[in-house]
Amino acid sequence: TETKDAGHASAITPQPGMSSDWNVAGLLASVAQRGDRPAVILPSLAGRTTWSCATLARGAETLARGLLGMGVQRTQPIALWAPNSPDWIIVALAIMAAGGVLVAIDDLSDDAQLAAALEASGARLIFTTSHHLASAGDMLRARGVATIRVDARNGGDAVQSGWPMP
């Protein structure tokens, strides 16, 4: 069992005109206060990995700051096309904490379904996997959709401010 660390203070502030109690920034602050308590438990053949509440909140806030640093605007649609995982949770929370609109695309969607979701939402930024990029990378480039790989934490094209995962 691997437990990720605690020790965290909230750094994302609510959008103007919103109470911090009723938005993602408030949620992350509340989650962070739970410290070392488990937030995500990921079972595997090798055992399990437990991510603390503080780690989850810190990861989402770090990525949200990275998105804001990239120029993400409030209400900007941002797609997420990846399998369910702790990474998915952090990316989804980060998109919303940065003020973006999460466009969740089923991991099993084919290229036509992906194209339809991108067209309907207007998303021009997508978090996805190397596997999905192998099949849909040309289509994404042709549409001018910027990509960030969720499986690129240790290099690749992760958010410039540093991928937040431990």
Side-chain angles (χ1 to χ4, degrees), residues 2 4-5 11-12 15 24-25 27-28 31 38-166:
E2 179 185 5
K4 305 300 177 184
D5 65 308
I12 300 294
Q15 293 292 330
V24 177
L27 170 69
L28 292 175
V31 168
V40 178
I41 300 172
L42 178 64
S44 71
L45 295 176
R48 70 178 190 187
T49 300
T50 301
W51 288 9
S52 72
C53 290
T55 297
L56 181 74
R58 185 179 54 252
E61 290 174 349
T62 300
L63 183 55
R65 283 192 303 275
L67 290 170
L68 291 168
M70 290 173 54
V72 166
Q73 299 294 310
R74 186 173 181 195
T75 71
Q76 177 179 338
I78 301 172
L80 174 53
W81 186 33
N84 294 335
S85 69
D87 291 336
W88 195 101
I89 296 167
I90 287 194
V91 171
L93 289 169
I95 289 168
M96 293 181 286
V101 175
L102 173 64
V103 179
I105 300 172
D106 189 302
D107 184 50
L108 300 177
S109 294
D110 60 27
D111 289 358
Q113 292 166 322
L114 169 65
L118 293 173
E119 185 66 31
S121 68
R124 294 295 171 252
L125 174 62
I126 188 170
F127 282 85
T128 192
T129 63
S130 298
H131 171 76
H132 287 318
L133 284 175
S135 68
D138 289 341
M139 183 268 290
L140 292 169
R141 282 186 289 281
R143 290 177 167 273
V145 178
T147 61
I148 299 174
R149 294 189 343 249
V150 298
D151 53 356
R153 283 183 274 145
N154 298 316
D157 49 23
V159 173
Q160 294 300 315
S161 68
W163 190 252
M165 311 312 264

Colleague: Write down the atom of A79, the atom of A123, and the distance for their closest heavy-atom approach.
Modeller: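 Heavy atoms of A79 and A123 come nearest at N-CB, 4.0 Å.
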Colleague: If you define the side chain from C-beta out and look only at heavy atoms, does anything of L125 sit under 4.5 Å from I148?
Modeller: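 Yes. Closest side-chain heavy atoms under 4.5 Å.
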Colleague: Keeping to residues at least two apart or across chains, list the salt bridge (Lys or Arg N to Asp or Glu O under 4.0 Å) pairs with something in residues 121-132.
Modeller: none
Colleague: Keeping the roles fixed (side chain from S121, backbone from A117), state whether a donor-acceptor pair exists under 3.5 Å.
Modeller: yes
Colleague: About how many Å separate CG of L80 and OG1 of T128, when rounded to the nearest 0.5 Å?
Modeller: 8.0 Å
Colleague: Kindly write out the residues that satisfy side chain to side chain donor-acceptor pair (under 3.5 Å) with E119, not counting sequence neighbours, or none if the list is empty.
Modeller: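 Once residues adjacent in sequence are excluded, the partners of E119 under the side chain to side chain donor-acceptor pair (under 3.5 Å) criterion are R143.
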Colleague: Quick one: does T62's side chain have a donor or acceptor within less than 3.5 Å of a partner on R58's backbone?
Modeller: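 Yes, T62 side chain to R58 backbone: donor-acceptor pair under 3.5 Å.
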Colleague: Scan for salt bridge (Lys or Arg N to Asp or Glu O under 4.0 Å) pairs involving residues 88-113, sequence neighbours excluded, and state none if there are none.
Modeller: none
Colleague: With sequence neighbours left out, write down each residue that passes side chain to side chain donor-acceptor pair (under 3.5 Å) with S135, or none if nothing qualifies.
Modeller: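 For S135 there are no side chain to side chain donor-acceptor pair (under 3.5 Å) partners, ignoring immediate neighbours.
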Colleague: Given side chains that start at C-beta, do those of L67 and F127 come closer than 4.5 Å, heavy atoms only?
Modeller: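 Contact flag for L67/F127 side chains = yes.
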Colleague: Which heavy-atom pair separates I105 from I126 by the least distance, and what is that distance?
Modeller: CD1-CD1, 4.5 Å
Colleague: For L28 versus A57, what's the shortest heavy-atom pair and its separation?
Modeller: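 So the minimum-distance heavy-atom pair works out to O-CB, 3.5 Å.
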Colleague: So, for P38 and C53, which heavy atoms are closest and what is the spacing to 0.1 Å?
Modeller: O-SG, 3.9 Å
Colleague: So if I apply the side-chain contact (heavy atoms from CB on, under 4.5 Å) rule between V40 and each of I90, T50, L56, which one comes out positive?
Modeller: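 Between V40 and the candidates, side-chain contact (heavy atoms from CB on, under 4.5 Å) is satisfied uniquely by L56.
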Colleague: State, to 0.1 Å, how close R48 and I41 come at their nearest heavy-atom pair, and which atoms those are.
Modeller: CD-CG2, 3.7 Å
Colleague: Any side-chain heavy atom of V24 sitting closer than 4.5 Å to one from I95?
Modeller: no
Colleague: Suppose the criterion is ring-ring contact (aromatic ring centres under 6.0 Å, His included): which pairs have a residue in residues 79-114, not counting sequence neighbours?
Modeller: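 For residues 79-114, and leaving out neighbouring residues, the ring-ring contact (aromatic ring centres under 6.0 Å, His included) pairs sorted by first residue read W81-H132.
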Colleague: Hey, are the side chains of V72 and I78 touching, using non-hydrogen atoms and a 4.5 Å cut-off?
Modeller: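 Sidechains of I78 and V72: in contact.
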Colleague: Check whether any side-chain heavy atom of T129 lies under 4.5 Å from a side-chain heavy atom of R149, and answer yes or no.
Modeller: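 Result no, sub-4.5 Å side-chain heavy-atom pair not found.
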Colleague: Do S130 and D151 pair up side chain to side chain, a donor and an acceptor below 3.5 Å, judged on atom types alone?
Modeller: yes
Colleague: Please name the pair of heavy atoms, one in A98 and one in L68, separated by the smallest distance, quoted to 0.1 Å.
Modeller: O-CD2, 3.4 Å
